Amino acid sequence: MKNKRKEEKQTEFGQNISVKNAELWYGDFKALKNVSIEIPERKITAFIGPSGCGKSTFLKCFNRMNNLVEGCRITGEFRIGDVDIYGKTDVNLLRRNVGMVFQKPNPFPMSVYDNVAYGPRTLGIKKHAELDEIVEKSLRGASMWEELKDRLGKSALGLSGGQQQRLCIARALAANPKILLMDEPTSALDPISTGKIEELAEELKKEITIVIVTHNMQQATRIADETAFFLLGELIEYGDTEKVFSAPADKRTENYITGRFG
Amino acid sequence: MSIRAKYENELNCVFNKLIAMCRDTELAIEKSVNALKQRDRDLAKEVISEDKTIDNEEREIEQDCLKILLMEHPVASDFRDVSAALKMITDLERIADQASDISEISLQFGDEEFIKEPEHIEMMAKLVIGMVKDGVTSYINRDLDAARSLEKRDDLVDELFETVKKDLIELIKTNPANADQAILFMMIAKYLERIGDHAVNIGEWVEYAATGYHRPG
């Protein structure tokens, strides 16, 4: 009989992301060109750049979301901790460890509780007490427990946009991820909800590595420890956020962040 | 007008005001030393009263820079340009204060004959006026070499200060009655020496604006 526990142990994910010479094609179009990056654990790393520069495409490589895109071909080395995620890795296990939140909040049309419990249930957790615990922990993790504890049975679709987005973060947290990918998570939100998501990210980075794609450069300066600037599929500059925004090394970064193009 | 063009207009406005403030500051130093040399009490009083104008100029540029920071959220070289301007006006304002202080001292000389003609003080003034001017000009023109040369030029000012000090010590030794004037001359020389230091600060901010690197004090 196969020892499942042993198999799980072999794919123990770390929290840092290491990419070497990544290239990605959508059919004939080369969307990523020789990108290498070392993303540190338990920090917030922001990807910035004009639309179509490849930043979201690159983000989606980290949990193999691009596998779902027809005609997409990826080369290069992607490691999370020591695990080669394009090797013999179980994609479901990878996505449990690398959660994702999208631009538009996408709660399931079910109750708040069921949204958060959905993931754990698919993993076979059925005990009410255990699910209750996960739901509470995840909602607390997303700073939502106090505002939602009396509305757990209500439909998630009745929540505000900001609450829905934080619920999606809670849902991602229910899988106990090591890394959380956020693809423009606040672009559809008002400043107050944006502030809450940013505070949440700051709080979560104590435990989780966060990679965030953002068009809002003030957001990057507010919350990101590291910032990477992409242009036309290339990683132009990557480093300490303060350095990138105060004295960028590359003229193209300077031109983009000062609004001279893009 | 594009957002970028609007921003550049606002920054140009700061540049123009900075050039005007710099010119007024140079004039203040020049007049303060002329007032001393020519024992022109009216000119000395003029420098003291005009210090307010330079204070106001500083306040106005400061407001403009703060508004740019608030409204435009500049980053990279834009951010450094505005930060450097904000820091430079503090130096210029202090320089003008020191010119005013020199004038206050020159009023204390009374009608007695000088114990020594202030030719070294005049030389110091000439040097620091050039340094202040070139400091601000190097900012406007992004002339890194000119900005970096200020430190070397300041060495000459320091040497002259030492010369003035030695001369005055000799004069006091020769005749202790010279001490009253010697102390006043010494203070003036010290103010000019400090003006040289402020000009070096300006050069360091120009270097920061151009490269992102600010020398540790």
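All chains are named by letter (A, B, ...) in the order of the sequence lines, taking the proteins before the strands, and each is independently numbered beginning at 1. Since the structure is predicted, the reported quantities are computational estimates derived from the model, not experimental observations.
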Sequence neighbours excluded, the answer for side-chain contact (heavy atoms from CB on, under 4.5 Å) partners of A20(B) is R23(B), E57(B)
Residues at least two apart in sequence or cross-chain that pass salt bridge (Lys or Arg N to Asp or Glu O under 4.0 Å) with D24(B), listed by chain then number, are none
Sorted by chain and residue number, the side-chain contact (heavy atoms from CB on, under 4.5 Å) partners of T90(B) (sequence neighbours excluded) come out as E58(B), R94(B)
Is the distance from the ring center of F245(A) to that of F79(B) below 6.0 Å? no
For chain A against chain B, give me the donor-acceptor pairs closer than 3.5 Å, one per line with atom names and distance.
{"from": "R4(B)", "atom 1": "NH1", "to": "T258(A)", "atom 2": "O", "distance (Å)": "2.9"}
{"from": "A76(B)", "atom 1": "N", "to": "F245(A)", "atom 2": "O", "distance (Å)": "2.5"}
{"from": "S77(B)", "atom 1": "N", "to": "E254(A)", "atom 2": "OE2", "distance (Å)": "3.0"}
{"from": "S77(B)", "atom 1": "OG", "to": "E254(A)", "atom 2": "OE2", "distance (Å)": "2.1"}
{"from": "D78(B)", "atom 1": "OD1", "to": "R260(A)", "atom 2": "NH2", "distance (Å)": "3.3"}
{"from": "R80(B)", "atom 1": "NH1", "to": "S246(A)", "atom 2": "O", "distance (Å)": "2.6"}

Exercise. Can you find a heavy atom in the side chain of V211(A) that is under 4.5 Å from one in the side chain of F58(A)?
Worked result: no
* Answer yes or no: is there a side-chain heavy-atom contact under 4.5 Å between I212(A) and I44(A)? => yes
